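Throughout, protein chains are lettered first and strands after them, A, B, ... in sequence-line order, and every chain is numbered starting at 1. Predicted model, so just to flag it, every value in this text is computed and none were measured.
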Amino acid sequence: MSVQTASRPRSAGTGTSSPTRLRTTRLRSPRTARRSRRSVALTLLMGLVLLYSLAPLFWLLVNATKTQDGLLNSFGLWFGGDFALWDNIARTATYDGGIFLRWFANTVLYVVLGAGGATFLAVLGGYALAKFDFPGRKAVFAVVIGAVAIPGTALAVPTFLMFSQMGLTNTPWAVIIPSLISPFGLYLMWTFASEAIPTEIMESARIDGASEARTFFQVCLPLLTPGIVTVLLFTMVATWNNYFLPLIMLKNPDWYPLTLGLNAWNAQAATAGGEAIFNLVITGSLLTILPLIAAFLLLQSYWQSGLSAGSVKE
Amino acid sequence: MIKTLTRRGLLQSSAVAAALALGLTACGGGGNAAPQQTVNSDAVEAALQKGGKLTVWAWDQSLKKVAEGFEAKYPNVDVNLVNAGTGNDQYTALQNAVSAGSGVPDVAQIEYYALPQFALSKSLADLGQFGAADLDGTFTAGPWSSVQAQGGVYGLPMDSGPMALFYNKELFDKHGIAVPTTWDEFLEAGRALKKADPKAYIANDTGDAGFTTSMIWQAGGKPYQVDGTNVGVNFSDEGSTKFAETWQKLIDEDLLAPISSWSDEWYKGLGNGTIATLSTGAWMPGNLVSGVGDGAGKWRVAPLPQWEKGATSSSENGGSSLAIPAASSQAALAYGFLKYSNVEEGVQARIDGGAFPATSKDLASEKFQNTQFKYFGGQKANQIFAESAKNVPAGWSYLPFQVYANSIFNDTAGQAYVSGTKLKDGLTAWQKASVKYGTEQGFTVKE
């Protein structure tokens, strides 16, 4: 056994430092152990990076407390005289007939069905490709790798034309169905499944008389949990932030996800007769990222244990 | 977060989408010719009484009130007002829907500069079949000429943007600078202002296609000549040269604030005295009231500065029409909505909502002329705007691919604002790029 298990942050302290610790220990081999002497410099560097990544979040938090006028009159990185956070939240939720809440619900719907479905399909596919030998596996591999290389944005217009033929544009399905496919998720699950499930376990389950379904659900699925959570996080973030696909597919604001809705609010400030509501856009953005932060915090322990999969020599 | 949502980023992404969409239109072969039937006004009235469901794509918020009034007057009609995006985003969506042949709305809001593009690709119904030509004289000259193309009427003017000079009176008074009446005085005022307060700029400009073409329009330039698919692009005429020379001086002497319009910084600058003037359309007051609360009472309106002392020439900036996509199966009903909204009762509802009308009758009405603007210290600003609307030079046209042309403005002419290139050369580069694109799209383009 090596260092990993000892340093694995089971109950580890802050969420920000533990992945780093984990990663540095993983990289460390006896040959480079003397690196620890430089840790002061590394810590400083890490602090800077941390500051850099937290600054926008801080900006968002600070500015969500300002009114539209206050936003324009005060220093951006500190609180203004007015504290209008609660008022902003209330106005965000009620502006334009409360459409923000509708957008929020839409986004949740797209994430639950889209990201949930994508993860489910990726797990099934990844497991099958990793653990079963069948003709055409290499071809599938080539297709999946190729698919990872194509950005979703490039496919959006052809997808639009196809969905338009089927009469699905301007419906939630136009966003959910394309989200169900995650080549990267499939690839990740595939790699993960080949590492995390010893074929011997499956064989012994079969010898004990378990059906293939039972072997999958009761023996393999628990072993796959860290991978599943990782894929779920990836697809969740992708679906939650998805902008271009809904932009092309949806015309009706009633079906907008938050990304499109907030953009529409922002664009409103740039049209004749439109009301500038930057304060609501900012508050809305803050509210939009809260669920993602919550998901990361809740799922991080599962996720972290997944990072070390395959790092232990047997 | 707001930084990631800036207008420039949006424009870039939508430009890509627009380019894709245009490519698709070209492939589609434009087989969406309107079912040519002649319908008279009785048929429109009959359609209104019969009713149906109308899908209207528009981002203008004041149309909500119009739709309510329309539904009240014609109880059998159900208007589904959809904000399918603003400007370019909506055009992309509309092009896509037309190419795909499904999900096309019955009515679409289209800005004047973009209208010829949709008209030429036969995406819009010619409203002549409903007798729209009889409306000649109903609208002011600028908007009315803007909705005509190829000998047809492709939309009804919804609002207009006769230009005026909005200025921060408090700032001008503080430094004892006179409000400019010519562009030369504008340049002088810019110099004086910079001397008095190095943080203040006479105006903001980072390169804006709509503003540039409006200014050339006012100067009497006609860079775009359009006759069907025969197109001329030429930025070396007198009007264009006048603009380029004066603006070059403003750029060279750093008299223009490097702030893009509609950014949060812009709203800030208008409020705190960084940006002293705004030469733009008459629809601006509403945006000032809602977006620049700090400017209330400080700002005033004056006629647009002139290229020659004592002249009264003006120009249009912005403004949009309502048009009927050719693919709509309810064109008669849709025309009923257009007429209600842009000629009949809807006009007043929109004026009450802060919009600036395009109808001559409403512009001349006493109530409109005597409206006092609290924001402008009680000034009767509509008198200036209405006068401006009358003085827009005739004969201006936009390119039938103006949406694309505008999207590449900043890569060509706009470079003068950020690098050492000259505005005049930039305009030539813009001309070349427009010609190249037009030729690729199958137009006969000459420089």
At a heavy-atom separation under 4.5 Å, does B/N272 approach chain A through its side chain, its backbone, both, or neither?
neither
Can you tell which part of B/A93 gets under 4.5 Å to a heavy atom of chain A, answering side chain, backbone, both or neither?
both
Does any backbone or side-chain atom of A/D254 lie under 4.5 Å from a heavy atom of chain B? Answer side chain, backbone, both or neither.
neither
When the 4.5 angstrom heavy-atom criterion is applied to A/Q68 and chain B, the contacting part is side chain
Testing B/Y91, B/Y112, B/Y113 one by one against B/F118 for a ring pair (Phe, Tyr, Trp, His ring centres under 6.0 Å), which residue passes?
B/Y91
Any salt bridge between B/R350 and B/D60, counting N to O under 4.0 Å?
yes
For A/Y95, ring pair (Phe, Tyr, Trp, His ring centres under 6.0 Å) partners two or more places apart
A/W265
Whatever's closer than 4.5 Å to a heavy atom in chain A on B/W266 counts as neither
What residue, out of B/G286, B/S290, B/G319, has the most heavy-atom pairs lying under 4.5 Å from chain A?
B/S290
Centroid separation under 6.0 Å, is that true for the rings of B/F356 and B/F368?
yes
Does the pair B/K268/A/D69 count as a salt bridge with the N-to-O cut at 4.0 Å?
no
